[in-house]
Amino acid sequence: MTVDHAPPDISATSGAATLATPVGPALEPVVPSAARGSRLRSVPRWLRRTVGPLTLLVLWQVLSATGVLSPDTLASPGTVARAGADLIGDGTLPSAMAISLQRVAVGLLIGGAAGITLALLSGLSRLGEDLIDATVQMLRTVPWVGLIPLFIIWLGIGEAPKVALIALGVAFHLYLNVYAGIRGVDAQLVEAGQALGLGRWGLVRHVVLPGALPGAMTGLRYSLATAWLALVFGESINADAGIGFLMNQAREFFRTDVIVVCLVVYAFLGLLADAVVRTLERLLLQWRPTFTGQ
């Protein structure tokens, strides 16, 4: 005798199982920390870089408008803008900028050639290091600004002492960075070049100089900053033209607006020179991967 077994009620069983399943807490998607600042990074970088200067400008205007900053202490941004427009309109500021740029260019050329030449002689040869490095290290500890009286005695009061002051500051920075770049080249790269059959000048051209190029670019940036600093000192003494001459005239007549215009011009020229060096770094150092921030 056969007994028919009825199939189990699947729907009832699954329903009971569904009802018996505990309901857990709702899960939230995990957001990476890098994505949390994506909104800020979506803003153009040039716009983010203007936040600081614009904030400073607004604060300056508010302090001037409320009387916290008196015109004798510091002119308002509007007054400075009008003074700059007047100096540009009558050709005074463009002429002064041209003279100052010429002084920086000549001093940078002379100082750069001297600094790089000495660094190559000292960095590529032990004999050159013995003859040159100690003397340069001794001279660079002397405050070059303190040499202004001697430059005036030796070179007179014309353009020569101003150019010499710029060249001196440029030469030391380029020497130190190019020399450090040469001596910082990986010795294994030199050994690899020798194994490939490169001679002395082949190693210098294909291994040492490319390896020292990042240090040279760093030295160039420092040299440009020093060149503008030396220009300020040089044009403040016995100058009859240039941006520093305008600042001295404005100081005598308590024209803080003209002084601020000259300072803004110095800052603008410095940023322009730094942008040129950054462009050179991107062109010449494409082979070197670097960290650019997150």
Side-chain angles (χ1 to χ4, degrees), residues 87 91-122 132-133 135-179 215-252 258-259 261-280:
L87 291 174
T92 302
L93 188 59
S95 176
M97 289 177 59
I99 294 173
S100 296
L101 283 173
Q102 181 180 358
R103 289 167 178 163
V104 170
V106 175
L108 186 65
L109 182 63
I110 297 174
I116 293 176
T117 301
L118 291 175
L120 291 175
L121 294 175
S122 181
I132 296 173
D133 186 65
T135 304
V136 174
Q137 296 295 342
M138 178 185 65
L139 292 177
R140 76 176 184 88
T141 59
V142 178
W144 47 269
V145 178
L147 297 176
I148 293 177
L150 285 178
F151 284 164
I152 294 176
I153 295 174
W154 294 340
L155 304 174
I157 59 174
E159 293 295 310
K162 303 174 184 61
V163 173
L165 191 66
I166 296 171
L168 188 64
V170 167
F172 286 140
H173 280 299
L174 274 176
Y175 172 84
L176 291 175
N177 285 274
V178 174
Y179 172 80
M217 291 293 102
T218 303
L220 183 59
R221 296 181 68 177
Y222 279 114
S223 298
L224 285 171
T226 304
W228 293 115
L229 181 61
L231 179 67
V232 173
F233 285 106
E235 290 185 338
S236 298
I237 301 174
N238 295 324
D240 55 359
I243 303 175
F245 175 70
L246 290 180
M247 291 182 64
N248 285 333
Q249 280 190 326
R251 181 195 61 191
E252 294 178 358
V258 177
I259 293 176
V261 169
C262 295
L263 292 176
V264 170
V265 171
Y266 275 128
F268 173 76
L269 293 177
L271 289 176
L272 182 62
D274 187 73
V276 171
V277 178
R278 287 177 180 268
T279 304
L280 287 176

Enquirer: Is any side-chain heavy atom of L263 closer than 4.5 Å to one of M247?
Expert: yes

Enquirer: Using 0.5 Å steps for rounding, measure from the CD atom of Q249 to the SG atom of C262.
Expert: 9.5 Å

Enquirer: Starting at CG of L155, measure out to CD1 of I148 and round the result to the nearest 0.5 Å.
Expert: 12.0 Å

Enquirer: Could you tell me whether the side chain of R278 reaches within less than 4.5 Å of the side chain of R221, counting heavy atoms only?
Expert: yes

Enquirer: Could you name each residue pair satisfying side-chain hydrogen bond (donor to acceptor under 3.5 Å, both in side chains) that touches residues 111-122, not counting sequence neighbours?
Expert: S122-Y175

Enquirer: Which atom pair, heavy atoms only, marks the closest approach of L176 to Q137?
Expert: CD2-NE2, 3.4 Å

Enquirer: Where is the tightest heavy-atom contact between S223 and L174, given as atom of each residue plus distance?
Expert: OG-CG, 3.4 Å

Enquirer: Check whether any side-chain heavy atom of F245 sits under 4.5 Å from a side-chain heavy atom of I99, and report yes or no.
Expert: no

Enquirer: Taking all non-hydrogen atoms of both residues, which atom of S100 and which atom of G242 are closest, and how far apart?
Expert: OG-CA, 3.7 Å

Enquirer: Compare every heavy atom of L165 with every heavy atom of F233, then report the nearest pair and how far apart it is.
Expert: CB-CD2, 4.1 Å

Enquirer: How would you list all residue pairs meeting salt bridge (charged side-chain N to carboxylate O under 4.0 Å, His left out) that involve residues 106-115, not counting sequence neighbours?
Expert: none

Enquirer: What is the distance from atom CG of L231 to atom CD1 of I243, rounded to the nearest 0.5 Å?
Expert: 6.5 Å

Enquirer: Can you pull out every side-chain hydrogen bond (donor to acceptor under 3.5 Å, both in side chains) where at least one residue sits in residues 102-114? Sequence neighbours excluded, please.
Expert: R103-E159, R103-E235

Enquirer: Tell me the closest heavy-atom pair linking A96 and L246, and the distance in Å.
Expert: CB-CD1, 3.7 Å

Enquirer: As an exercise, state the distance from CZ of F151 to CG of L168, rounded to the nearest 0.5 Å.
Expert: 5.0 Å

Enquirer: What is the minimum heavy-atom distance between A250 and I259, and which atoms define it?
Expert: CB-CG1, 3.6 Å

Enquirer: Going through the distances and angles, do V136 and Y179 end up as a side-chain contact (heavy atoms from CB on, under 4.5 Å)?
Expert: CA-CA 11 Å; V136 174; Y179 172 80; over 6 Å; no

Enquirer: Is the shortest side-chain heavy-atom distance between I166 and L108 below 4.5 Å?
Expert: no

Enquirer: According to the interplanar angle, ranging from 0 to 90°, do the rings of Y266 and W228 count as parallel (below 30°), tilted (30 to 60°) or perpendicular (above 60°)?
Expert: perpendicular

